[in-house]
Amino acid sequence: MLFRSDVIIKGTYLHDLRAHDGAAISSQNGSKVTAVNNLIWNNQAKRWGAVFDTRSGAGGSIYSSNNFKQNKAAEGSAFYQDFGTGFFLSNLVQDGESKRDPGQVIDSLPDGESKGAVMLRKDSTQSIILNQFVNNKVVSAGRPHSGAINIETEGTSNNILLNTFVGNSVGRSNNPGAYGQTGSGGAIGVFNNSNPIIQYNLFQANKAGYGGSAIAASERAQPQILNNLFYSNSVDSTSPESGFRFSTGALFFENTSPDGRLKIQNNYFEAKDRKSTRLNSSHLVISYA
């Protein structure tokens with residue numbers, strides 16, 4: 001655990017560690033971490049991430065060329081950040097699991113909530129560039145969403161650029177009261193008045209249990225989705241049980257900001273059985289509850 005420190009962590013094996021938050025690295029209160037070429041493997045945090053980074057120091061932290069594999073937490077299985085800045089560059093984030101067991105109580109987290117491999121919270125400003133997100137999953141009996149990246153930065157903008165998202169998933173929960181959070185955003189979920197720029201990424205074979213097999217947005221979010229490639233992403237199309245809401249689409253927006261700043265431009269979509277260079281009802285669903 002780091003407090004008000006400037007630390008370089010390089011070429012280190014961080015594996016099979018356990019903690020409440022930040023099982024491998026916990027950086028707090030003005031610390032600045034440069035983590036390069038590390039294997040961060042099979043660590044388990046009860047609440048937040050193999051890496052927990054909060055209130056990072058001037059200039060922000062840098063996480064580059066690390067292998068995050070098979071890490072587990074309730075939220076942000078690989079990386080959780082709030083009140084900080086930095087760069088998340090050229091990392092492999094693979095086989096992470098964000099999971100809440102039925103009835104599991106974890107501090108102040110809402111009942112049953114579980115979220116993606118990378119979790120950005122309040123005032124987190126990250127450049128997430130040239131990473132690979134592969135086969136990460138979110139599982140919950142309550143409110144699961146955002147298979148690879150979950151963004152809740154309250155007006156802060158983040159740049160999601162030139163990443164590859166393959167085989168990430170979020171399952172449908174068994175909670176009929178969870179509504180749009182019953183498994184939305186197979187790769188990315190954008191919530192809480194966030195406005196990331198998502199551009200030049202590849203989304204392939206990601207899955208959602210509810211809507212937005214690639215990207216879902218809600219809670220007055222304003223993502224800009226530009227020049228991305230979407231291939232063979234899928235949503236659970238089985239008939240829902242009574243009480244569930246159900247929708248489809250590679251992109252799913254619900255209760256996003258109505259002020260016109262939402263932008264979807266120059267994206268390419270291809271399904272297994274057809275191609276399209278423009279949005280249509282099979283790729284995009286917008287709902288206002």
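Only heavy atoms go into these numbers, but all of them, side chains included; no hydrogens, no water, no symmetry mates. The first residue of the sequence shown is numbered 1, and numbering continues consecutively from there.
Closest approach of S146 to G189, counting heavy atoms only: OG-CA, 3.2 Å. For the residue pair T153 and S124, the shortest heavy atom distance occurs at CG2-O, 3.4 Å. G147 approaches N136 most closely through the heavy-atom pair O-CB, 3.7 Å. What you find for G211 and A208 is that their closest heavy atoms are O-CB, 3.7 Å. The minimum heavy-atom distance between G171 and P144, with the atom names listed, is O-CG, 3.4 Å. Of all non-hydrogen atoms in S27 and V33, the two that sit nearest each other are OG-CG2, 3.5 Å.
Formation of a donor-acceptor pair under 3.5 Å by the S98 side chain with backbone atoms of G116 is found in this model. With hydrogens and angles ignored, the 3.5 Å screen pairs no side-chain donor or acceptor of N192 with any backbone N or O of I151. In this structure a side-chain-to-backbone donor-acceptor pair under 3.5 Å is present from S218 to E254. Between the side chain of T12 and the main chain of K10, a donor-acceptor pair closer than 3.5 Å is present. A donor-acceptor contact shorter than 3.5 Å is absent between the side chain of N71 and the backbone of A50. A donor-acceptor contact shorter than 3.5 Å is absent between the side chain of S65 and the backbone of V36.
L130 places none of its side-chain heavy atoms less than 4.5 Å from the side chain of L89. Side-chain atoms of I128 and L161, non-hydrogen and from C-beta on, never get closer than 4.5 Å to each other. Using a 4.5 Å heavy-atom cutoff, the side chains of T54 and W48 are not in contact. Side-chain contact between S77 and E97 is absent, with no heavy-atom pair separated by less than 4.5 Å. Side-chain contact between S213 and N206 is absent, with no heavy-atom pair separated by less than 4.5 Å. Annotation: side chain of N91 is in contact with side chain of F68 (closest heavy-atom distance under 4.5 Å). At a threshold of 4.5 Å between non-hydrogen side-chain atoms, the residues F230 and N267 count as touching. Counting heavy atoms from C-beta outward, D16 and W41 have side chains that approach closer than 4.5 Å.
Using modelled atom types, one finds no donor on one side chain facing an acceptor on the other under 3.5 Å when comparing N201 with Q199. N42 and Q70 share no side-chain donor-acceptor pair at under 3.5 Å. Side-chain contact of Y63 with N38: a donor-acceptor pair under 3.5 Å is absent, judged by distance alone. Of the N and O atoms on the side chains of Q222 and N193, at least one donor lies less than 3.5 Å from an acceptor on the other residue. Donor-acceptor pairing under 3.5 Å is recorded for the side chains of N150 and H145. Using modelled atom types, one finds no donor on one side chain facing an acceptor on the other under 3.5 Å when comparing Q132 with T164.
Under the 4.5 Å side-chain heavy-atom criterion for grouping Ile, Leu, Val, Met, Phe, Trp and Tyr, F203 is not connected to V134 through any hydrophobic cluster. Cluster membership check: I129 shares its hydrophobic cluster with Y200, using side-chain heavy-atom separations under 4.5 Å among Ile, Leu, Val, Met, Phe, Trp and Tyr. Following chains of ILVMFWY side-chain contacts shorter than 4.5 Å, one can reach V51 starting from L17, so the two form part of one hydrophobic cluster. Both I264 and V190 are members of a single hydrophobic cluster when ILVMFWY side chains are connected at heavy-atom separations under 4.5 Å. Hydrophobic clustering keeps Y268 apart from L226 (ILVMFWY residues linked when any side-chain heavy atoms are closer than 4.5 Å, directly or through intermediates).
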Full working for side-chain hydrogen bond (donor to acceptor under 3.5 Å, both in side chains) between S61 and D53 | CA-CA 8 Å; S61 296; D53 188 303; 3.0 Å; yes
Determine, step by step, whether K69 and L92 satisfy the side-chain contact (heavy atoms from CB on, under 4.5 Å) criterion, reporting the C-alpha distance in whole Å, the side-chain angles of both residues, the deciding distance to 0.1 Å, and the verdict.
-> CA-CA 8 Å; K69 290 187 176 182; L92 172 63; 3.6 Å; yes
Please report the C-alpha distance between Q81 and Q126 in whole Å, then the side-chain angles of each, then the deciding distance to 0.1 Å, and finally whether the side-chain contact (heavy atoms from CB on, under 4.5 Å) criterion is met.
-> CA-CA 9 Å; Q81 185 186 65; Q126 278 286 319; 3.0 Å; yes
Evaluate salt bridge (Lys or Arg N to Asp or Glu O under 4.0 Å) for D21 paired with R47, printing each intermediate quantity in order.
-> CA-CA 6 Å; D21 300 317; R47 182 173 59 173; 2.6 Å; yes
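Distance CD1/I160 to CZ/F165: 6.5 Å, rounded to 0.5 Å. Note that CG of N233 and CD of Q204 are 8.0 Å apart. Values are rounded to the nearest 0.5 Å. Between atom CD1 of residue I197 and atom NZ of residue K263 there is a gap of 8.5 Å, rounded to the nearest 0.5 Å. To the nearest 0.5 Å, the span separating CG on N135 from CD on Q94 amounts to 6.5 Å. Taken from CG in D6 to OG1 in T34, the straight-line distance is 6.5 Å, to the nearest 0.5 Å. A distance of 4.5 Å separates CE of M119 from CD of E75, quoted to the nearest 0.5 Å.
Residues D82 and K122 are not paired through a salt bridge, judged by the lack of any N-O separation under 4.0 Å between the basic side chain and the carboxylate. Here K115 pairs with E152 in a salt bridge; the nearest charged N to carboxylate O distance falls below 4.0 Å.
Using bins of under 30°, 30° to 60° and over 60° for the plane-to-plane angle, the ring pair Y80/F52 lands in the tilted bin. Between F88 and F79, the ring-plane angle classifies as tilted under the 30° and 60° cut-offs.
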